[in-house]
Student: 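Handing you this structure, nothing more for now.
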Amino acid sequence: MATVLVTGGTGYIGSHTVVELQGEGHEVVVIDNLSNSEREVLEGIASITGKMPFFEEVDLRNRKATYGVFEKYPRIEAIIHFAAFKAVGESVEKPLTYYENNLLSLIHLLEAMNRYGVHHFLFSSSCTVYGEPDRLPVTEDAPVKKASSPYGNTKQISEEILRDAMVPSPQLRVISLRYFNPIGAHPSAMIGELPLGIPNNLVPFITQTAIGIRDQLNVFGDDYNTPDGTAIRDYINVVDLAWAHVTAIDRLLQGKQRSPYEVFNLGTGKGLSVFEIIHAFEKATGVKVRYRVTGRREGDVEQVWADTGYANRELGWKAERGIGETLLSAWNWEKHLQSKKTGR
């Protein structure tokens with residue numbers, strides 16, 4: 001088993017991936033600056049796995065501090081890079097913040113890899129690189145379109161940086177995982193999506209509305225060219241997504257890549273609309289959700305879902321959990337959070 005550095009490891013996808021890595025026997029070092037997560041997530045990880053990961057509170061924009069992690073943990077063999085700002089709408093409002101954080105952190109990691117002889121890199125990318133796709137479902141061969149948001153553009157630029165960085169470093173091996181829409185929580189309800197402030201993603205806004213934290217859910221547009229007028233996405237259970245990272249890390253470490261740089265789409269292969277998600281949540285939980293339709297949100301695409309065939313074949317991975325189970329896990333996580341706050 002290997003020592004794996006997970007940046008953004010107390011975040012939503014990162015924490016679930018740490019659980020799966022530790023479950024397979026890997027040693028995990030977590031870096032996070034806690035700008036969009038909480039330290040107590042580490043306790044949730046430990047409660048599930050029986051082991052606390054190593055943790056360093058470091059901002060990857062600080063080159064010296066980043067190097068210090070590699071000096072402290074010289075056995076690091078692979079990196080999974082999650083640490084990035086990721087809200088589409090916020091990126092439109094704060095583009096320079098997104099470019100600084102998302103690109104500088106990647107550059108400093110790649111510099112550290114060169115300096116300390118680490119050659120395996122797993123990048124948390126996004127289906128936003130496809131923009132508004134010409135054809136559905138989206139394959140890995142689909143053209144990368146002009147980004148519809150600064151967030152999406154940081155993912156495109158990051159992939160370009162990775163390809164360019166490999167030219168003078170032929171020993172570098174990279175896999176970019178292009179996520180569709182992760183939702184849900186660990187079945188233990190010990191970790192899940194933990195937005196600080198008002199959620200930017202659909203499902204935590206649904207659960208917060210259902211439990212009474214929010215008055216109502218805003219549905220951003222019902223005039224899209226879709227069956228019910230709302231935007232369509234490919235919603236994947238976060239535990240399924242996390243497991244894909246374990247299989248991809250094993251692929252890197254075992255030298256099974258077909259090329260030094262690989263790309264995989266991670267989704268379910270099925271698109272669901274906003275209204276379909278709301279109704280599926282109500283069916284799974286028995287709880288009604290108040291919502292109102294507002295105008296479209298800048299930076300959103302109309303519909304996108306994955307062709308997962310390549311990831312299924314090459315990684316030997318497939319999304320297994322259904323939408324009802326996934327939404328119920330999100331609801332159980334929300335109830336767990338509120339019970340902790342109220343002491344009940």
Side-chain angles (χ1 to χ4, degrees), residues 3-22 26-46 52-63 65-66 68-70 73 76 78-88 90-91 97-110 112-113 118 120-126 128 151-152 154-155 157-159 161-162 174-179 181-183 185-186 191-197 199-201 204 238-239 241-246 248-249 266:
T3 299
V4 181
L5 175 65
V6 179
T7 74
T10 58
Y12 177 40
I13 306 170
S15 60
H16 287 80
T17 300
V18 171
V19 165
E20 300 303 318
L21 287 167
Q22 290 193 163
H26 293 291
E27 288 279 0
V28 179
V29 179
V30 170
I31 286 180
D32 207 301
N33 67 359
L34 303 178
S35 64
N36 196 35
S37 61
E38 296 181 357
R39 187 183 292 266
E40 67 183 37
V41 171
L42 296 166
E43 298 171 9
I45 292 170
M52 183 72 74
F54 298 105
F55 177 70
E56 300 295 329
E57 186 175 346
V58 166
D59 191 321
L60 291 169
R61 289 172 292 187
N62 184 325
R63 180 188 279 110
T66 302
V69 174
F70 287 80
Y73 302 95
I76 291 170
I79 297 170
I80 305 179
H81 181 39
F82 293 107
F85 295 153
K86 61 182 179 63
V88 169
E90 184 183 60
S91 78
T97 300
Y98 270 66
Y99 286 118
E100 180 204 27
N101 183 75
N102 293 6
L103 300 183
L104 207 53
S105 62
L106 174 63
I107 290 168
H108 288 166
L109 276 175
L110 289 170
M113 290 177 72
V118 181
H120 304 105
F121 193 85
L122 187 56
F123 180 58
S124 168
S125 192
S126 169
T128 58
Y151 161 70
T154 66
K155 292 300 184 184
I157 295 170
S158 292
E159 289 198 18
I161 289 171
L162 286 165
V174 177
I175 294 177
S176 286
L177 299 179
R178 292 174 177 169
Y179 311 158
N181 288 67
I183 60 172
H186 193 272
I191 57 173
E193 190 165 6
L194 189 64
L196 303 183
N200 287 297
N201 294 334
V238 68
V239 178
L241 185 67
W243 182 246
H245 291 76
V246 178
I249 278 291
L266 299 184

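Any value given below was found using the heavy atoms of this structure, including those in side chains, with hydrogens, waters and symmetry copies removed.
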Student: For Y98 and E90, test the side chains for any donor-to-acceptor distance below 3.5 angstrom and give the result as yes or no.
Tutor: yes
Student: Could you walk me through whether F54 and T3 pass the side-chain contact (heavy atoms from CB on, under 4.5 Å) check?
Tutor: CA-CA 10 Å; F54 298 105; T3 299; over 6 Å; no
Student: Locate the shortest heavy-atom distance separating G9 from V30; write the atom from each residue and the value.
Tutor: CA-CG1, 3.6 Å
Student: Any donor and acceptor pair, going by atom type alone, linking the side chain of S105 with main-chain N or O of L60 inside 3.5 Å?
Tutor: no
Student: Are the side chains of K155 and S124 in touch, meaning some heavy atoms are under 4.5 Å apart?
Tutor: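 SC-SC contact between K155 and S124 confirmed.
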Student: Does the side-chain contact (heavy atoms from CB on, under 4.5 Å) test come out yes or no for L110 and L162, once each step is laid out?
Tutor: CA-CA 8 Å; L110 289 170; L162 286 165; 3.9 Å; yes
Student: Is there side-chain contact between L194 and S37, with at least one heavy-atom pair below 4.5 Å?
Tutor: no
Student: Do E27 and Y73 have side-chain atoms, one donor and one acceptor, less than 3.5 Å apart?
Tutor: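 Their side chains do not contain a donor-acceptor pair, so the 3.5 Å distance test is not met.
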Student: Check whether any side-chain heavy atom of H120 sits under 4.5 Å from a side-chain heavy atom of I249, and report yes or no.
Tutor: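 Not in contact.
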Student: What is the distance from atom CG of N101 to atom OG1 of T154, rounded to the nearest 0.5 Å?
Tutor: 9.0 Å
Student: Say whether, by atom type as modelled, one donor and one acceptor occur between the side chain of N200 and the main chain of A87 under 3.5 angstrom.
Tutor: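 Looks like no, no N/O pair under 3.5 Å.
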Student: Side-chain contact test, heavy atoms from C-beta onward, threshold under 4.5 Å: evaluate it for L241 versus Y12 and give yes or no.
Tutor: no
Student: Working to the nearest 0.5 angstrom, can you tell me the gap between I161 CD1 and L103 CG?
Tutor: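 The CD1 atom of I161 sits 5.0 Å away from the CG atom of L103.
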Student: Could you grab the distance from atom CD of E56 to atom CG of N33, nearest 0.5 Å is fine?
Tutor: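 Reported to 0.5 Å precision, the distance equals 13.5 Å.
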Student: How many angstroms lie between atom CG of L104 and atom CG of L109, to the nearest 0.5 angstrom?
Tutor: 10.0 Å
Student: Not counting sequence neighbours, which residues clear ring pair (Phe, Tyr, Trp, His ring centres under 6.0 Å) with F70? List them please.
Tutor: Y116
Student: Does atom OH of Y99 have more than 12 heavy-atom neighbours from other groups under 6.0 Å away?
Tutor: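 More than 12 within 6.0 Å, yes.
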Student: Roughly how far, to the nearest 0.5 Å, is the CG atom of L266 from the CG atom of N181?
Tutor: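 Going from the CG atom of N181 to the CG atom of L266 covers 12.0 Å.
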Student: Please name the pair of heavy atoms, one in R61 and one in H108, separated by the smallest distance, quoted to 0.1 Å.
Tutor: O-CE1, 2.9 Å
Student: Please report the closest heavy-atom contact between F82 and T17, naming both atoms and the distance.
Tutor: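 It is CZ-OG1, 3.4 Å.
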Student: Taking all atoms of both residues into account, what is the closest heavy-atom pair of G14 and V6, and its distance?
Tutor: O-CG1, 4.4 Å
Student: Might you point out which heavy atoms bring V239 and A185 nearest each other, and give the distance in Å?
Tutor: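 In this case the closest contact between V239 and A185 is CG2-O, 4.1 Å.
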Student: Stepwise, does the side-chain contact (heavy atoms from CB on, under 4.5 Å) test hold for I45 with V28?
Tutor: CA-CA 11 Å; I45 292 170; V28 179; over 6 Å; no
Student: Which value, rounded to the nearest 0.5 Å, describes the distance between T66 atom OG1 and D59 atom CG?
Tutor: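 Going from OG1 on T66 over to CG on D59, the span is 7.5 Å.
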Student: Counting N and O atoms only, with roles assigned by atom type, does the side chain of S125 sit under 3.5 Å from a partner on the main chain of L177, one being a donor and the other an acceptor?
Tutor: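 No; judged by distance alone, with no hydrogens or angles, the pair does not exist.
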Student: Could you check whether any side-chain heavy atom of F121 comes within less than 4.5 Å of a side-chain heavy atom of L106, counting everything from C-beta outward?
Tutor: yes
Student: Name the orientation class of the two ring planes belonging to H245 and Y179 (parallel below 30°, tilted from 30 to 60°, perpendicular beyond 60°).
Tutor: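 Geometry flag for Y179 against H245: perpendicular rings.
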Student: Starting from the C-alpha separation in whole Å, work towards a yes-or-no answer on side-chain contact (heavy atoms from CB on, under 4.5 Å) for R39 and T10.
Tutor: CA-CA 7 Å; R39 187 183 292 266; T10 58; over 6 Å; no
Student: Does H186 use its side chain to pair, donor to acceptor, with the backbone of H16 at less than 3.5 Å?
Tutor: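 No, H186 side chain to H16 backbone: no donor-acceptor pair under 3.5 Å.
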Student: Considering non-hydrogen atoms only, spot the tightest contact between V41 and I191 and give its length.
Tutor: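 Here V41 and I191 meet closest at O-CG2, 4.1 Å.
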